[in-house]
Amino acid sequence: MSALGRPLRRLALALWLVACSGVAMAHAPSTAYLTLTVVGEQVQQRLDVSLRDLDRELALDADDDGRITWSELRQRQADLDAWLRPALGLGTPAGGDCAAGPLAPVQVDDHADGTHAVLRRDWQCPAAAAALVLQYRLFAHSDPAHRAILRWVGDPPASGAEPMPLAPGDQRTWTRAGQPAAGAPATAGWAAYIGEGIHHILIGADHLLFLWVLLLPSVLRGGAAGTPAPNWRPVLLDVARTISAFTVAHSVTLAVAMLGVFSPPTRWVESLIAASVALTAIDNLRPFLPSPRWKISALFGLVHGFGFAGALSDLGLDRADLARTLAGFNLGVELGQLGVVALWLPLAWWGHRQPGYRRWVLGGGSALAGVVAMLWCTERLFDLQLLA
């Protein structure tokens, strides 16, 4: 065995472990929806939190039958109230706190990512406050990948009223109409959606796995059945074409879905995304898909675009907001993809001439990715849980 053989096998094992550690995420990130309606000195809160996420925090499924019933949810009203109180803070820039009222009887509602508990309460704020500041700490200690979509509602609309993403620990400011802007943080607005695009690609285990299996043969001349590429320039050009085709394709379907032209059922989209990983992995082992590689990237990129659209659903943006959101989110996705490629490609080039690359990295990596993707596909099609 060559001197690089053992490190190469360790590299392959490390990549396998990374793939396995991400299977639980499998394109099911934690997402909440927060609407704050300002009426005079009062703020009406509506927070929709996934039952799946609440069960992880509070063990709502008392009989452990895999279902959270209405009775189980209502019996934990006091626990929900106690869990939620430290997670949200509302006050004024000068430091005056708004007083949180009791939690209204819990309700449920469906979103694109599943059933959510609807948590409502009223806040009483200082009189004539020119601005309000929200401190968001939901899942700060248990799930740093969690995100929420915040909407301020006022009459008339005011500064800071556009929908925006929230991460645990974020602060957002709302300013009454006619008052000077209260200094919303620089992460708000268009730049925040760039960050959300980066965040989404990095936590989307299925998107990352698809990119990885797509790029595994890129350092071989002639694809998976070929020989080590003698020069890095053709490899870079091929990778650029492959990534560009994926970008163009998923941008088209992302826009189509967000504009309301066509939006297929989430279960089918997520199942097809998993299938795209499995088929690409099988093609690495036994080529059967069209070549060159960019054609596969474009074909499956259309499916992944609908998956990206799921991350931006339920925003309720107008056309102006939608254009800005799409541009920012899509740019973030591309930056995230380029970061992944920039990390992976030098490692692949370093080891591609070693005999172990085709056996351990290309062969073993594709086999593992194919198995994981087929399990994902089965889970999503039949609403099962096969992976922890």
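These figures come from a predicted structure and were not determined experimentally.
- Proximity of Val108 to His116: side-chain heavy atoms (C-beta onward) are nowhere separated by under 4.5 Å.
- With sequence neighbours excluded, the residues satisfying side-chain contact (heavy atoms from CB on, under 4.5 Å) with Asp55 are Leu60, Asp61, Ile68.
- In the model, His111 has a side-chain atom that pairs as donor or acceptor with a side-chain atom of Asp48 under 3.5 Å.
- Of all the heavy atoms in Ala274 and Cys377, the pair that sits closest is CB-N, 3.6 Å.
- Between His200 and Phe329, the ring planes are tilted. Angles from 30° to 60° get that label.
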*Decide side chain to side chain contact (heavy atoms under 4.5 Å, CB included) for Leu214 and Ser297; before the verdict, give the C-alpha distance in whole Å, the side-chain angles of both, and the deciding distance to 0.1 Å.*
CA-CA 7 Å; Leu214 198 63; Ser297 180; 3.7 Å; yes
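- Inspection of the Thr266 and Glu270 side chains reveals no N or O donor paired with an N or O acceptor under 3.5 Å.
- The side-chain heavy atoms of Phe308 and Ile201, taken from C-beta on, include a pair separated by under 4.5 Å.
- Leu138 and Val118 fall into different hydrophobic clusters, where Ile, Leu, Val, Met, Phe, Trp and Tyr residues are linked whenever their side-chain heavy atoms come under 4.5 Å apart, directly or through other members.
- A side-chain N or O of Trp123 and one of Gln45 form a donor-acceptor pair less than 3.5 Å apart.
- Counting heavy atoms from C-beta on, the side chains of Trp268 and Leu381 come closer than 4.5 Å.
- If you check the side chains of Asp110 and Thr115, you find a donor sitting under 3.5 Å from an acceptor.
- Under the ring-ring contact (aromatic ring centres under 6.0 Å, His included) criterion, Phe139 pairs with Trp83, His146, sequence neighbours left out.
- The ring-ring contact (aromatic ring centres under 6.0 Å, His included) search around Phe246 returns Phe210, His250, His304, not counting sequence neighbours.
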